[in-house]
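Notes to accompany the following structure.
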Protein chains: 2
Amino acid sequence: MASKDRILRLKEETRTNILDAALRIVKEEGWPALSMRKIADAIEYTAPIIYEYFANKDAILMELTRGGFLILTRDMKAAKEEHKLPEKQLEAMWLAYWSFAFAEKELYQVMFGVDANCCELCEIMPEAEEPSLLVNEAIIQLMAPHQPTEDEVCTKYYTFWSVVHGLISINMVRRNISDDITNEVLKTAISGIIRSIKG
Amino acid sequence: MASKDRILRLKEETRTNILDAALRIVKEEGWPALSMRKIADAIEYTAPIIYEYFANKDAILMELTRGGFLILTRDMKAAKEEHKLPEKQLEAMWLAYWSFAFAEKELYQVMFGVDANCCELCEIMPEAEEPSLLVNEAIIQLMAPHQPTEDEVCTKYYTFWSVVHGLISINMVRRNISDDITNEVLKTAISGIIRSIKG
DNA sequence: TACATTTGCTTAACGCTGTTAAATAATTTA
DNA sequence: TAAATTATTTAACAGCGTTAAGCAAATGTA
């Protein structure tokens with residue numbers, strides 16, 4: 001019955017091939033160019049075969065999104081573990097978040113883009129909550145002397161996220177902003193928020 | 001020759017009808033539901049007629065974008081003129097920006113969404129630069145004692161924009177965030193940046 | 001080995017999209 | 001009234017996501 005295993009392995013491989021092909025197409029030609037027929041072409045099959053592995057195109061995007069959150073979580077976790085002080089951890093994590101956004105630009109777009117990902121992403125995809133959990137731990141540590149309520153922690157989290165995500169969005173559509181200014185905004189904003197937390 | 005005028009007026013009216021219909025469809029059914037045939041249906045014509053008024057679908061989106069910037073500029077200008085102190089002007093303008101984003105959610109999406117609007121929007125559409133000019137005037141006034149360089153003003157501008165745009169983006173895809181927290185983030189972020197400018 | 005069954009994959013099709021060219025209807029001009 | 005121009009529609013193309021039907025190869029069974 002080892003042939004069964006081989007076939008299962010091949011199926012798993014094709015599934016991965018589909019995801020890889022999709023991401024490669026998007027990286028080479030952009031999101032609008034991604035089509036089922038083009039993916040099929042890339043893996044040397046015809047389009048309907050893809051539906052044996054994914055319910056529809058959206059399911060492929062969802063799986064790419066999930067993979068994106070896994071990478072982002074790994075990166076932010078690694079950044080966090082390099083520091084002991086929560087303020088250093090916060091800075092490192094948001095810089096990791098920033099790096100991820102541009103290292104995996106297409107993944108970031110499908111993860112946080114205005115389009116497809118509907119409102120309840122966190123509910124149907126637990127991986128999407130991990131990064132916020134990492135950050136909130138550090139915020140809570142940093143705010144511990146102030147005995148913060150859950151809402152206060154949440155407020156600080158969204159302040160961080162807003163400025164970083166906003167800066168990323170702006171940089172993605174307007175590539176003409178100088179890197180110096182961008183870095184200045186990012187660093188001073190992060191340290192400014194941290195300072196405001198410490199009071 | 002008054003009939004010529006009448007015909008020109010009718011043509012102008014149809015052009016407006018196309019834009020109005022497009023925006024109405026988007027407001028009622030969302031951006032993905034917008035199609036040329038649906039617009040044509042709404043103005044009681046067939047699809048090819050639209051190409052007598054707009055080069056293609058993208059040109060319609062561009063015109064909606066332009067209209068959006070006109071409204072945004074008007075709103076921010078009005079907000080600015082209600083105050084004398086530059087710090088008050090800045091706060092009022094960014095709150096106006098915020099209000100616009102949710103009052104004209106669909107316009108904001110096409111103006112700043114990740115999708116269509118390519119990199120050089122400001123170059124081909126001067127209206128897109130107006131809001132930033134308004135804000136920068138106030139920033140320069142506020143920073144006048146510090147003799148700021150152009151880059152420093154730019155940095156402050158992007159800090160403002162990042163946090164506001166980021167917060168808007170997050171609120172648009174995650175509608176489950178409480179309004180209290182959102183308002184708290186917005187207000188404290190804006191006043192925080194203003195305070196950091198004043199030093 | 002021969003037949004039946006399941007599996008893998010393709011071709012064909014549906015309804016949709018943006019867009020263009022040709023055909024037709026309506027209006028204006030001569 | 002006939003010709004020319006304009007307004008509008010119908011038909012078509014290529015592409016999209018998706019589904020159903022058909023075929024071909026591999027597998028299970030006798």
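Quick note on labels: first sequence line is chain A, next is B, and so on, each numbered from 1.
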Does [X] pair with [Y] as a salt bridge, N-O distance under 4.0 Å?
| X | Y | value |
| --- | --- | --- |
| B:Glu63 | B:Arg66 | yes |
| B:Lys38 | B:Glu29 | yes |
| B:Glu137 | B:Lys80 | yes |
| A:Lys27 | A:Glu104 | yes |

| request: Measure up the A:Tyr108 and A:Tyr97 rings against each other and bin them: parallel (under 30°), tilted (30 to 60°), perpendicular (over 60°). | output: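 Correct class here is perpendicular.
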
| Should the pair B:Phe69 and B:Phe112 be assigned to parallel (<30°), tilted (30 to 60°) or perpendicular (>60°) ring geometry? |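 The rings of B:Phe69 and B:Phe112 stand perpendicular, inter-plane angle above 60°.
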
Atom [atom1] of [X] to atom [atom2] of [N]: distance rounded to whole Å?
| X | N | atom1 | atom2 | answer |
| --- | --- | --- | --- | --- |
| B:Lys57 | C:dT20 | NZ | P | 14 Å |
| A:Lys11 | C:dG8 | NZ | P | 5 Å |
| B:Glu52 | D:dA7 | CD | C1' | 7 Å |
| A:Leu10 | D:dA26 | CG | C1' | 14 Å |
| B:Phe54 | C:dT20 | CZ | P | 15 Å |
| A:Met36 | C:dT17 | CE | C1' | 17 Å |
| A:Trp31 | D:dC16 | CH2 | P | 16 Å |
| B:Ile50 | C:dT19 | CD1 | C1' | 11 Å |

| field | Neighbours of DNA chain C within residues 15-30 of chain A, by heavy-atom distance under 4.0 Å | value | none

| When you look at A:Ser162 and B:Ile170, which way does the side chain to side chain contact (heavy atoms under 4.5 Å, CB included) test go after all the steps? | CA-CA 7 Å; A:Ser162 294; B:Ile170 290 167; 3.9 Å; yes

| said: Test of understanding: clusters of I, L, V, M, F, W, Y form through side-chain heavy atoms closer than 4.5 Å, transitively. Do A:Ile71 and A:Met111 belong to the same one? | reply: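 Yes, it is one cluster - the side chains of A:Ile71 and A:Met111 are joined through contacts under 4.5 Å.
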
| said: Are B:Tyr53 and B:Tyr51 connected into the same hydrophobic cluster when the rule is that any two of I, L, V, M, F, W, Y join if their side-chain heavy atoms are below 4.5 Å apart? | reply: yes

| task | Identify whether any heavy atom of A:Leu34 sits under 4.0 Å from a base atom; if not, whether one sits that close to sugar-phosphate; answer base, sugar-phosphate or nothing. | result | sugar-phosphate

Each nucleotide N or O in nucleotides 9-13 of chain D that has a protein N or O under 3.5 Å away: list the pair and distance.
residue	atom	partner	partner atom	Å
D:dT9	OP2	B:Thr46	N	3.0
D:dT9	OP2	B:Thr46	OG1	2.7
D:dA12	N6	B:Arg37	NH2	3.4

